[in-house]
Amino acid sequence: ELILEACANACKDDTIRLFPFRYGNPEALLEECHEGKRFLSERMHQGWLDKVNMLTYPLVQDHNATNQKLPEKDRQSFDDYDSWVACADSTGRIYLFPQDEESKVPPCVRNPRNHQKAVLDFAVDWENMRCVSAGVDGIIVFHDLKTDEPQHMLMVAGECNLSAVHDFWSTLDVDFQLGKMSAGLSSGHVQLVDLQVGKAVYMFPCHNRLIRRVATDWAANELASCSYDGCINLSDLRTGKVIRQIQGRGQWDAMDVSFDQHLLLASSKFKPATMLCDLRTGKIIQEYELSDHRPNWISVNWATKTACTGADDGKVKLWQLDTGEVSRTIDCDHFLTQSLDICWSRGLLLTGSFDYQFKMWDVTTGDLLKQFVAPRRCVTRVLLQ
């Protein structure tokens with residue numbers, strides 16, 4: 001309690017950064033602070049406190065979100081770096097950090113708040129340093145990270161002819177080189193967006209409930225999507241018709257797709273949590289049971305058939321699609337691993353959690369490389385350049 005109180009008092013001053021010369025050992029301080037957060041989260045989950053909904057309340061609203069001002073020195077250091085990581089959180093902010101900073105606690109150089117509610121998905125054009133984000137507030141925002149200014153905005157009320165007033169974009173698949181984007185909506189519709197003009201060009205119904213993930217093969221004009229309606233659909237972008245449908249046992253949470261190999265790996269909230277499917281036949285090839293490891297995020301190296309999954313157990317597992325054998329488990333010390341991104345060639349892993357943690361790992365050794373400290377609420381999405 002004393003550690004948490006001290007950290008809370010220190011964090012009231014937004015100009016404070018956990019530099020070694022200021023705190024002596026920031027890694028130890030962070031470790032103790034996160035350990036306290038995790039303990040509190042576990043107790044709340046176990047019903048020790050009366051208002052368990054306090055745990056999810058920050059996903060909806062954060063009264064302190066407007067107070068996150070970056071030190072001007074850190075903002076001006078943007079041109080000093082060439083390699084980046086980014087994350088989004090439930091306050092509507094996107095955070096940008098250098099990954100080539102020597103410190104294990106790199107500075108946050110950008111933290112625009114373009115949404116009033118949680119950011120569910122975003123993508124970054126690393127070459128031109130611009131991003132596009134979608135939030136629960138029903139807005140898609142195009143933001144220039146160099147100038148730190150929003151460029152353009154799409155509102156679901158103006159772009160979608162839907163009757164529900166609370167619809168929002170829930171997932172994005174962006175190809176900046178082609179200038180195209182596909183977006184799934186909470187209504188179950190899919191929308192195609194022209195990035196060159198920043199306008200929605202086509203929308204079609206695809207699911208009956210919120211779409212959790214979309215993946216697009218623009219050359220073949222096909223789109224794969226998984227939804228809370230329990231279906232995985234393969235749709236034709238030209239006609240808006242469902243070509244093939246795979247029925248699951250419950251809500252689908254995550255997926256990764258190889259259109260070249262016609263394979264899809266997806267996870268749901270119900271056992272068996274993870275399934276490998278054939279997109280050509282719509283058949284389930286294999287089902288996996290990963291010992292209560294139910295993925296919230298999936299990334300697959302399709303060349304080696306290796307899956308990387310982050311789940312509610314707070315861990316990241318690397319395992320083989322052919323056998324289901326787990327080759328490595330990284331305990332991220334998360335209450336719940338919400339999102340991950342992995343660079344297979346460099347062996348770098350990025351994780352974001354429900355209990356506000358944002359970390360970079362060495363996949364080979366499992367060592368923690370960097371701890372990013374800016375997010376104050378649930379991390380919803382992470383991206384590694």
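The analysis underlying the following values was restricted to heavy atoms, covering all of them including side chains, and did not include hydrogens, waters or symmetry mates.
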Test salt bridge (Lys or Arg N to Asp or Glu O under 4.0 Å) applied to Arg238 - qualifying residues, sequence neighbours left out
Asp236

Is a side-chain donor-acceptor pair under 3.5 Å present for Tyr228 with Arg212?
yes

Look at the side chain of Gln191 and the backbone N and O of Ala200, then say whether any donor-acceptor pair between them is shorter than 3.5 Å.
no

Same cluster (ILVMFWY, side-chain, under 4.5 Å), Leu178 and Tyr202:
yes

Looking at residues at least two apart in the chain, or sitting in another chain, which of them share a side chain to side chain donor-acceptor pair (under 3.5 Å) with Gln247?
Gln245

Under 3.5 Å, is there a donor-acceptor pair linking the side chains of Ser235 and Asn233?
no

Non-hydrogen side-chain atoms of Lys359 and Asp333 separated by less than 4.5 Å:
yes

Counterpart residues, side chain to side chain contact (heavy atoms under 4.5 Å, CB included), relative to Ala220 (two or more places apart)
Asp217, Glu222

Check the pair Trp126, Trp84 against side-chain contact (heavy atoms from CB on, under 4.5 Å), reporting the backbone distance first and the verdict last.
CA-CA 8 Å; Trp126 299 111; Trp84 304 95; 3.4 Å; yes

Are the ring centres of Phe97 and Phe358 closer than 6.0 Å?
yes

Do any pairs count as a side chain to side chain donor-acceptor pair (under 3.5 Å) and have a residue in residues 174-184, sequence neighbours left out, and if so which ones?
Ser182-Thr216

Are Val201 and Phe204 linked, directly or through intermediate hydrophobic residues, by side-chain heavy-atom contacts shorter than 4.5 Å (ILVMFWY only)?
yes

Okay, side chain of Thr239, backbone of Lys241: is any donor-acceptor separation there less than 3.5 Å?
yes

Yes or no on side-chain contact (heavy atoms from CB on, under 4.5 Å) for Ile140 and Met181, after CA distance, side-chain angles and deciding distance?
CA-CA 11 Å; Ile140 286 180; Met181 177 175 73; 3.9 Å; yes

For Cys226 and Ile232, work out which heavy atoms get closest and say how close.
CB-CG1, 4.0 Å

Hydrophobic cluster membership, with links at side-chain heavy-atom distances under 4.5 Å among I/L/V/M/F/W/Y: are Trp169 and Val132 in one?
yes

Leu368: which other cluster members, linking ILVMFWY side chains closer than 4.5 Å, directly or transitively?
Trp297, Val316, Leu318, Ile330, Leu340, Ile342, Trp344, Leu349, Trp361, Val363

Applying side chain to side chain donor-acceptor pair (under 3.5 Å), name anything that partners Gln385, two or more places apart in sequence or on another chain.
none

Exactly one of Leu223, Ile298, Val214, Leu279 should register a side chain to side chain contact (heavy atoms under 4.5 Å, CB included) with Val257. Which one does?
Leu279

Residue pair Asp256 / Ser299, side-chain donor-acceptor N/O under 3.5 Å
no

Would you check if Leu185 and Phe168 make a side-chain contact, meaning some heavy-atom pair closer than 4.5 Å?
no

Minimal non-hydrogen separation, Cys277 against Ile284, with atom names:
SG-CG1, 4.2 Å

Do Leu348 and Asp362 come close enough that some side-chain heavy atom pair is under 4.5 Å?
no

List the residues meeting side chain to side chain contact (heavy atoms under 4.5 Å, CB included) with Gln261, not counting sequence neighbours, and say none if there are none.
Ser258, Leu263, Trp302, Lys305

Is any side-chain heavy atom of Ser339 less than 4.5 Å from a side-chain heavy atom of Thr380?
no

When rounded to the nearest 0.5 angstrom, what is the spacing between NZ in Lys370 and CD in Gln99?
8.5 Å

Flag side-chain contact, heavy atom, 4.5 Å: Ile211 against Val190
yes

Which pairs with one or both residues in residues 315-329 pass salt bridge (Lys or Arg N to Asp or Glu O under 4.0 Å), sequence neighbours excluded?
none

Which residues share a side chain to side chain contact (heavy atoms under 4.5 Å, CB included) with Ala307, sequence neighbours left out
Leu265, Val300, Trp319, Leu321

Just wondering, do Gln151 and Val141 contact through their side chains at under 4.5 Å, heavy atoms?
no

Are Phe122 and Ile94 side-chain neighbours, meaning at least one heavy-atom pair lies under 4.5 Å?
yes

So do the side chains of Trp252 and Met275 get within less than 4.5 Å of each other, counting heavy atoms only?
yes

Between Leu195 and Leu154, is there a shared hydrophobic cluster once you connect ILVMFWY residues whose side-chain heavy atoms come closer than 4.5 Å?
yes

Give a yes-or-no answer on whether the side chains of His115 and Ser133 include a donor-acceptor pair shorter than 3.5 Å.
yes

No-hydrogen, no-angle side-chain donor-acceptor test under 3.5 Å, Gln338 and Ser353:
no

Set of side chain to side chain donor-acceptor pair (under 3.5 Å) partners for Arg130, sequence neighbours left out
Asp125

For Gln251 and Ser268, which I'm curious about, is there any donor-acceptor pair between the side chains at under 3.5 Å?
no

If the condition is side chain to side chain contact (heavy atoms under 4.5 Å, CB included), which residues does Pro205 pass it with, not counting sequence neighbours?
His189

Could you check Asp82 against Asp100 for side-chain contact (heavy atoms from CB on, under 4.5 Å), going step by step and ending with a plain yes or no?
CA-CA 7 Å; Asp82 299 314; Asp100 52 355; 4.2 Å; yes

Inter-residue atom distance Ile285.CD1 - Thr281.OG1, 0.5 Å rounding
6.5 Å

Could I get the full list of salt bridge (Lys or Arg N to Asp or Glu O under 4.0 Å) partners for Arg280, not counting sequence neighbours?
Asp278

Ion pair present between Asp121 and Arg381, side-chain N to carboxylate O less than 4.0 angstrom?
yes

In terms of hydrophobic clusters joined by side-chain contacts under 4.5 Å, are Tyr81 and Phe78 together?
yes

